[in-house]
Amino acid sequence: PFLLKPSTPITYQEGDAEMEQTARFLASYIKEVTGYEPKVTTGDAGKGIHLSIASDIQNKEGYRLLVSENGVEIAGASNAGIFYGVQTLRKSIPAAADGIQVELPAVSINDYPRFPYRGMHLDVSRHFFPTDSVKKFIDILALHNMNRFHWHLTDDQGWRIEIKKYPELTQIGSKRKETVIGRNSGKYDGQPYDGFYTQDEIRDVIAYAKERFITIIPEIDLPGHQLAALATYPELGCTGGPYEVWTQWGVSDDVICAGNEKSMQFLEDVMSEIIEIFPSEYVHIGGDEAPRTRWEKCPKCQARIKAEGLKADKNHTAEDRLQSYCMTRIEKFLNSKGRRIIGWDEILEGDVAPNATVMSWRGASGGIEAAQMGHDVIMTPNTYCYFDYYQTADTKDEPLGIGGYVPIEKVYSLDPTFDLNEEQKKHIIGAQANLWTEYITTTEHVEYMVLPRMAALAEVQWTQPEKKDFKDFTKRLARLMKFYQRDGFNYAKHVFDLKVDFTPDVAKKAVVVTLSTIDDAPIYYTLDGTEPTTASLKYTEPVSITETADFQAVVIRPEGKSKVVNKKISFNKATYCPIELTFQPSEKYKFGGAITLVDGMKGNDSYATGAWLGFVGGDVEAIIDLGQETEIKRVATNAIVDMSAWIMGSTGLVVSVSDDNKEFREVAVKDIPAETNIDKKGVENYEITFDPVKARYVKVVIKRSPALPKGHAGEGKAAYMFIDEIEVD
């Protein structure tokens, strides 16, 4: 091994300022851990740590790390490669090594990233984070070998960057009078909210990131999400206002007037200053969630449609083409200045800007389509990469979040190339996670949402898929978390929680509970709702539950207890009976299939946990075989309503019974009013009772809501319906 000592020098090539910067980073990292700071010097000082450029390394971000008793060599194809080699060495030293002799084992590492674009996103519009917080965020990216920081700077709730030509954007557009409490509750906190970065502050952050080989990609979202600009300059909108910087969350109908030449000039002027500030080749111009409502009635927009010859077809409206016109015009403007655009996958709706790179967020389908069309793609599918989603299914003790469920295992399982062929895979240039901050108000909460999921993403971005191994990752993650702890990061510890799997066993009419931990710590459980202790049943093998139980389990380590897992399992006459669906759930939300509806376990308020089945385009019709003639008088079920996610509840129940599964007779009907509150979120319970009847087969029809209501961003379009647990008594 190589012994790291206070006298160990770090050497670099004379005249290379970037390499010197990296050498000084390494010296400061070593000082953090050991308490002593190695001397940084040029040349090759013998038994020390030597940095150099190596022309034989193929990948431009690749590096070689050689350790022997005579010294440490870190060579890179570029200074970026050297920086990543330094990160590996940094993480090889124990997180706390003060006063101990550090031995670096003899090793030869040749390493390079899978993808050239390894990104992380931060929204500073919904909630603002000062430059010190942003720099700390950049430090976290550097620790995880990420090289792109996507900075979402403008939105309906605040304009956060100084534009010299339009100073009112930060005087007016950066300030909202108050902020909605919770999830568009209709109640407001009454507290003015503001914040923005001067151009000098932005340049300082850009320089800080550059030293860490991170490129900052700015996002100015257009033509939608522009209320902060419209509140400042009402003449840029279709109606002329009045507008206000939005105090709630969601998607506003008010967008930039694409038919107004002054509006287009405004966007080009803003982009002129953006590219003067940011050296990034890419500029993100959004393109997501831009309703066409105002354009349909705007004389200027309709005149633009006519003048440009924008035509509807069976897939796109003329207003869709107007969005494409807007995006393409800004793209051409940026291309003329030597820059390229990134847009969210909505830019595929219409005539996609020809040279655009597509960022796929609504699942992976948009990215797959774009790659097949020959566009470069950055994968950010919400089902894997939205770090504002909950990281645990047990949300009762979690800070308020937008919803959804993306555990660390799900992040780690992402392969950004999906099922593309070899030629199409070349267009997947990388992956990124996004952090939207409607419900994230502090730096501590930012860190809690991204760590340690960022470590899982880093391995997706860097590591070849055949070398990924989640169990091995979790062992290394435990060591990385010591760095988080030492550096004062507020990281989530769910990875140490008890992992629980509830599997239906239809043959035995049982639910089989399998428990595990990443470190094989002892687990205890109860079935009567009491909190387990070391005196409770110790888990040694899967537990089979065949009757109503209130299951609780906990991991007990020397340093304390884990969070208690609890699940109420309720048996009724339909539980684990054969069930058939005549209309199948969406492929994306079919999870464990029809048995989920009669497994005795109700889902919580997150539709993405696998406890709910998601249907779109038809009513749910379930036929349950009770096995023998049985007397029944009640049917109940549950649905999630999450209007922001385009999920509505039921509008009615119909119960029919049969003795032979051929001839059914209707025994009960219940109508339920369609939801009209476009901000509604929660779990709805439906119940229907009737005079007792005897039957073997029960058919339950759960009627869907026909369309999203007036005032919703998706007004008139089909809504999802998520159903769980059909009870028969």
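Given the structure is predicted, the values throughout are model-derived calculations rather than measurements.
With rounding to the nearest 0.5 angstrom, the CD atom of Glu438 is 4.5 Å from the CZ atom of Arg126. With values rounded to the nearest 0.5 angstrom, Gln464 atom CD is found 6.0 Å from Arg114 atom CZ. Here the CE atom belonging to Met721 is positioned 11.5 Å from the CH2 atom belonging to Trp612, to the nearest 0.5 angstrom. With rounding to the nearest 0.5 angstrom, the CG atom of Leu527 is 10.0 Å from the CD atom of Gln552. Atom CD1 of Ile523 sits about 5.0 Å away from atom CG of Leu515, to the nearest 0.5 Å. Atom CD in Glu725 sits 5.0 Å away from atom CG in Asp599 (nearest 0.5 Å).
Taking every heavy atom of both residues into account, Ala553 and Tyr525 meet most closely at CB-CB, 3.9 Å. Residues Ala371 and Ile428 share a closest heavy-atom pair of CB-CD1, 4.1 Å. Closest approach of Thr651 and Pro706 over heavy atoms only: CG2-CD, 4.3 Å. Taking all atoms of both residues into account, the shortest heavy-atom contact from Asp642 to Lys681 is OD2-NZ, 2.7 Å. In plain terms, the two heavy atoms of Val460 and Val411 that are nearest each other are CG2-O, 3.4 Å. The minimum heavy-atom distance linking Gly366 with Leu348 is given by the pair O-CD1, 3.2 Å.
Lys670 forms no cation-pi arrangement with Tyr686, by the criterion of a distance under 6.0 Å to the ring centre and an angle within 45° of the ring axis. Geometrically, Lys468 engages Tyr412 in a cation-pi contact defined by less than 6.0 Å to the ring centre and at most 45° from the axis.
No donor-acceptor pair closer than 3.5 Å links the side chain of Arg118 to the backbone N or O of Pro113. Between the Asp724 side chain and the Gly603 main chain, a donor and an acceptor come within less than 3.5 Å of each other. In this structure, the side chain of Ser360 does not engage the main chain of Met379 through any donor-acceptor pair within 3.5 Å. Looking only at distances, no side-chain donor or acceptor of Glu398 sits under 3.5 Å from a matching main-chain atom of Gln391. A distance-only check finds no donor-acceptor pair linking the side chain of Gln432 to the backbone of Gly119 [under 3.5 Å]. Panel note: side chain Ser650, backbone Gly652; a donor-acceptor pair is recorded below 3.5 Å. For the pair Thr517 (side chain) and Asp520 (backbone), a donor-acceptor distance under 3.5 Å is present. Glu369 places no side-chain N or O within donor-acceptor distance of the main-chain N or O of Ser365, the cut-off being under 3.5 Å. Judged by distance alone, the side chain of Asn572 and the main-chain N or O of Val728 form a donor-acceptor pair under 3.5 Å. Put simply, the side chain of Asp189 gets close to the backbone of Thr179: a donor and an acceptor are under 3.5 Å apart.
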| task | List the steps, then state whether side-chain contact (heavy atoms from CB on, under 4.5 Å) holds for Asp394 with Lys563. | result | CA-CA 10 Å; Asp394 182 10; Lys563 182 191 287 189; 3.3 Å; yes

| said: Go through it in stages, so that I can follow the logic: the residues are Tyr117 and Ile217, the test is side-chain contact (heavy atoms from CB on, under 4.5 Å), and I'd like the CA-CA distance, side-chain angles, deciding distance and then a yes or no. | reply: CA-CA 11 Å; Tyr117 184 109; Ile217 295 171; 3.5 Å; yes

| Asp472 and Arg476: salt bridge (Lys or Arg N to Asp or Glu O under 4.0 Å), yes or no, with the steps? | CA-CA 7 Å; Asp472 177 63; Arg476 290 180 286 109; 2.9 Å; yes

| request: Apply side-chain contact (heavy atoms from CB on, under 4.5 Å) to Val598 and Cys577, showing your working. | output: CA-CA 7 Å; Val598 289; Cys577 289; 5.7 Å; no

| task | Go through Trp246 and Asp155 one step at a time and tell me if the side-chain contact (heavy atoms from CB on, under 4.5 Å) criterion holds. | result | CA-CA 9 Å; Trp246 227 15; Asp155 218 296; over 6 Å; no

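A donor-acceptor pair shorter than 3.5 Å can be found between the side chains of Asp123 and Thr437. Side-chain contact, Thr503 with Asp505: no donor N or O sits under 3.5 Å from an acceptor N or O. Glu346 and Trp361 are linked by a side-chain donor-acceptor pair at a separation below 3.5 angstrom, with hydrogens and angles left out of the test. Defined by atom type and a distance below 3.5 Å, a donor-acceptor pair is missing between the side-chain atoms of Asn677 and Glu675. A donor-acceptor contact under 3.5 angstrom links the side chains of Thr417 and Asp415, judged on distance only.
Residue Lys561 qualifies as enclosed at atom NZ: its count of foreign heavy atoms under 6.0 Å is above 12. The environment of Lys573 atom NZ is dense: over 12 non-hydrogen atoms of other residues, nucleotides or ligands sit within 6.0 angstrom. Summarising the local packing, NZ of Lys588 is surrounded by more than 12 heavy atoms from other residues, nucleotides or ligands at distances under 6.0 Å. Within 6.0 Å of the NZ atom in Lys717, the count of heavy atoms belonging to other residues, nucleotides or ligands does not exceed 12. The number of heavy-atom neighbours closer than 6.0 Å to NZ of Lys508, taken from other residues, nucleotides and ligands shown, is 12 or below. Sparse packing is recorded around CG of Asp419, with 12 or fewer heavy atoms of other residues, nucleotides or ligands lying under 6.0 Å away. Heavy-atom contacts from other residues, nucleotides or ligands closer than 6.0 Å to NZ of Lys699 number more than 12. Heavy-atom contacts from other residues, nucleotides or ligands closer than 6.0 Å to CD of Gln584 number more than 12.
Using cut-offs of 30° and 60° for the angle between ring planes, the Trp344 and His121 rings count as perpendicular. Using cut-offs of 30° and 60° on the angle between ring planes, the pair His152 and Trp436 is perpendicular.
For His144 and Trp462, the ring centers sit 6.0 Å or farther from each other. Ring-centre distance between Tyr720 and Tyr589: below the 6.0 Å cut-off.
No salt bridge links Glu289 with Arg362; every basic N to acidic carboxylate O contact stays at or beyond 4.0 Å.
Side chains of Pro399 and His445 form a contact here, defined as non-hydrogen atoms less than 4.5 Å apart. Side-chain atoms of Trp151 and His284, non-hydrogen and from C-beta on, never get closer than 4.5 Å to each other. The side-chain heavy atoms of Phe387 and Met120, taken from C-beta on, include a pair separated by under 4.5 Å. Residues Phe551 and Phe502 meet the side-chain proximity criterion, which asks for heavy atoms closer than 4.5 Å. Contact of the His225 side chain with the Thr154 side chain is not registered, since no non-hydrogen atoms from C-beta on lie closer than 4.5 Å. The shortest distance between side-chain heavy atoms of Thr676 and His712 does not fall below 4.5 Å. Residues Asn434 and Cys385 are not in side-chain contact: their nearest non-hydrogen atoms beyond the backbone lie 4.5 Å or more apart. Considering only heavy atoms from C-beta on, Asp388 comes within 4.5 Å of Leu435 through its side chain.
When each of Thr442, Val446, Thr443 is paired with Ser133, the side-chain contact (heavy atoms from CB on, under 4.5 Å) condition holds for Thr443 and for no other.
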